[in-house]
Amino acid sequence: MKLAYWMYAGPAHIGTLRVASSFRNVHAIMHAPLGDDYFNVMRSMLERERDFTPVTASVVDRHVLARGSQEKVINNITRKDEEQCPDLIVLTPTCTSSILQEDLQNFVDRASLSSESDVILADVNHYRVNELQAADRTLEQIVRHYLDKARKQGTLDRSVTDTPSANIIGISTLGFHNQHDCRELKRLLRDLGIIVNQIIPEGGSLKDLKDLPRAWFNIVPYREVGLMTAIFPEEEYGMPYVSVTPIGVLDTAEFIRQIEKLVNVWSSVLSEKEVSYTQYIKNQTKFVSQAAWFSKSIDCQNLAGKEVVVFGDATHAASITKTLAREMGIRVRCSGTYCKHDTERFNEQVQGLCDEVLVTEDHTEVGDTIARIEPSAIFGTQMERHIGKRIDIPCGVISSPVHIQNFPLGYRPFLGYEGTNQIADLVYNSFNLGMEDHLLDVFGGHDTKQVSTKSLSTDKDLVWTPEADSELSKIPGFVRGKIKKKTESFAKQNGFAEITVDVMYAAKEKLSS
């Protein structure tokens, strides 16, 4: 068992907390040991919010282990109900509560008897799902709870709005560029004459969830969070949804065409005039998105034949792969995701657009794949950015997990037509272009002489002597990686545990013959 292991997706309780704290006036209580309450620090640091509802930790300590958790948990729920008067309190189990085999549902039932607030237990198996799956499930659970409640009380409004409307599902705190993407989606829908009925969970109100079915359709920009929620009203109320992610010129156009079909379905029922967004797509592609023009420019043509590796969550990795391959002519040697639960869909999305597909949660496997391929650039998470730094390959960050620098203060959406401009800039600026390596060597702009001589895997490393390392640094940067790789391959084949200058020359002679 790996006790210390870097994860792409966090533990399940983080996903539950992300959804709960995204809603207005919802309080989450996490039943966990001291130290697991880092969510508050993470959110306040990354989102830079001035005001948000913090998560309360019902700490499991030695006293709790001795006496049991029931009294403490119920007291915490009751106290928060009296102090905060939230609409909902979500009790969030963790691996610790699962290990202790505590009946948290019983705690919730008892606390509900004396609480004015609604109290529910997050229905998530913390051993079987990760952060993204838990967020998806928790959002669906909350929406289902309040729609069922409204139906029983007779307050559920099933009448559709007079004008075209949509719900945006899946925008949440700590999401990769979620706030910027939401602004871009609202702008795009406004241009199409579609009003936004509700946005959940970020900024959403539980009291308004009863009006969720009034929208003509739902929009799910990210498959990781929101898909389960969209499937529920489709099955219960026949409410359609659009799950095409509008990243890139082609998929943004397809996203709008699907909206057009859904709007015209309702227009025919309501005897309204049908709409056509064809001209809008042409105008936006030609005048707003610079990506279509850029793809025909000499700068983008210089990227043709460049090889890259893409890795991230299923939504962003698949979308960036399609954008690179179909719109920029860049060869994707490997496209991968850590969302193992969405493997089948991911394979369908990238089929025929990359040389190989990698689905794994092991960052060392990703690192070894990158080292083997030696691409010109990487498009991945912060983990791939660190891998790229070790082996001197530039990386553009396109997916969570991310660093604080990937929560920019400026407007940088990935969705829609403005998103196409941001992605084109990210792609172009992620490559070492022209004589950049040579000029950096000449003018000393960066310390380009440092060469990584360590393997990214957990296998035994070959040792490079200082003299050999110095000799390797004299080789031009654009071929240095290949020379290093071939020298190490020669050393392994011939049983050398240490690479000296003599081994380098022997490898050179062998390869030249």
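Along the sequence shown, the residues carry numbers beginning at 1.
- Contact check for F39 versus L174: side-chain heavy atoms found under the 4.5 Å cut-off.
- In this structure, I370 CD1 and I391 CD1 are separated by 6.0 Å, a value rounded to the nearest 0.5 Å.
- By the 4.0 Å N-to-carboxylate-O rule, R43 lies too far from E47 to be salt-bridged with it.
- For the residue pair Q382 / R385, a side-chain donor-acceptor distance below 3.5 Å is found, with atom types taken as modelled.
- Using a cutoff of 4.0 Å between basic side-chain nitrogens and carboxylate oxygens, K484 and D469 are not scored as salt-bridged.
- When side chains are defined from C-beta on, P375 does not count as touching R331, because their heavy atoms never get closer than 4.5 Å.
- Using a 4.5 Å cut-off on side-chain heavy atoms (C-beta onward), Y222 and I171 make contact.
- Between the side chains of E184 and Y411, a donor-acceptor pair is found at a separation under 3.5 Å.
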Derivation and outcome, salt bridge (Lys or Arg N to Asp or Glu O under 4.0 Å), residues D251 and R326: CA-CA 11 Å; D251 275 0; R326 298 189 304 183; 3.1 Å; yes

For a side chain to side chain contact (heavy atoms under 4.5 Å, CB included) check, start with the C-alpha distance between D355 and V332, then their side-chain angles and the critical distance, and finish with the verdict. CA-CA 7 Å; D355 295 354; V332 181; over 6 Å; no

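- The minimum heavy-atom distance between K306 and S376, with the atom names listed, is CD-OG, 3.8 Å.
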Before giving the answer on side chain to side chain contact (heavy atoms under 4.5 Å, CB included), spell out for I247 and T252 the whole-Å C-alpha distance, their side-chain angles and the decisive distance to 0.1 Å. CA-CA 6 Å; I247 291 181; T252 300; 5.9 Å; no

Between I219 and L189, does the side chain to side chain contact (heavy atoms under 4.5 Å, CB included) criterion hold? Intermediate values first, please. CA-CA 11 Å; I219 293 174; L189 292 174; 3.8 Å; yes

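- Among all heavy-atom pairs drawn from T337 and G312, the shortest one is OG1-O, 2.9 Å.
- Side-chain contact, S165 with R214: no donor N or O sits under 3.5 Å from an acceptor N or O.
- In this structure, the separation between CD on E236 and CD1 on I231 is 12.5 Å, given to the nearest 0.5 Å.
- Around atom CD of Q351, no more than 12 heavy atoms belonging to other residues, nucleotides or ligands sit under 6.0 Å away.
- Among F379, F176, Y338, F311, the single residue meeting the ring pair (Phe, Tyr, Trp, His ring centres under 6.0 Å) criterion with H316 is F176.
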Can S267 and E274 be said to form a side chain to side chain donor-acceptor pair (under 3.5 Å), step by step? CA-CA 6 Å; S267 296; E274 291 192 354; over 6 Å; no

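- Note that CG of D181 is 11.0 Å distant from CZ of R183, once rounded to the nearest 0.5 Å.
- With respect to the salt-bridge test (charged N to carboxylate O, under 4.0 angstrom), the residues R372 and D368 do not qualify.
- At a threshold of 4.5 Å between non-hydrogen side-chain atoms, the residues E202 and C182 do not count as touching.
- W464 places a side-chain heavy atom less than 4.5 Å from the side chain of E488.
- The number of heavy-atom neighbours closer than 6.0 Å to CD of E344, taken from other residues, nucleotides and ligands shown, is 12 or below.
- In summary, the side chains of T364 and D362 do present a donor paired with an acceptor at a separation below 3.5 Å, with no hydrogens or angles considered.
- Put simply, CG on L415 and CG on L185 are 5.0 Å apart, with the number rounded to the nearest 0.5 Å.
- Taking the ring centre of Y277 as origin, the terminal cationic atom of R257 falls outside the region bounded by 6.0 Å and 45° from the ring axis.
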Assess whether side chain to side chain contact (heavy atoms under 4.5 Å, CB included) is satisfied between K322 and L353, documenting all intermediate values. CA-CA 7 Å; K322 289 190 280 188; L353 300 176; 3.3 Å; yes

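- Residues A314 and D342 approach most closely at CB-OD2, 3.8 Å, considering heavy atoms.
- Summarising the geometry of V124 relative to A134, their closest heavy-atom pair is CG1-CB, 3.8 Å, with the distance given to 0.1 Å.
- Atom CD1 of I169 is separated from atom OG of S243 by 11.5 Å, given to the nearest 0.5 angstrom.
- Residues P213 and L147 are in side-chain contact: their nearest non-hydrogen atoms beyond the backbone lie under 4.5 Å apart.
- Side-chain contact check for Y8 versus H363: some heavy-atom pair is nearer than 4.5 Å.
- The two atoms that bring L212 and N197 nearest to each other are O-ND2, 3.6 Å, heavy atoms only.
- Around atom CZ of R333, more than 12 heavy atoms belonging to other residues, nucleotides or ligands sit under 6.0 Å away.
- Side-chain contact check for T245 and R223: no donor-acceptor pair (N or O, by modelled atom type) lies under 3.5 Å.
- Residue V90 comes nearest to V26 through the heavy atom pair CG2-CG1, 4.1 Å, listed as atom of the first residue, atom of the second, then distance.
- T138 and T16 are linked by a side-chain donor-acceptor pair at a separation below 3.5 angstrom, with hydrogens and angles left out of the test.
- Going from atom CZ of F414 over to atom CG of N178 covers 11.5 Å, rounded to the nearest 0.5 Å.
- By the 4.5 Å heavy-atom criterion applied to side chains, S289 and V249 are counted as neighbours.
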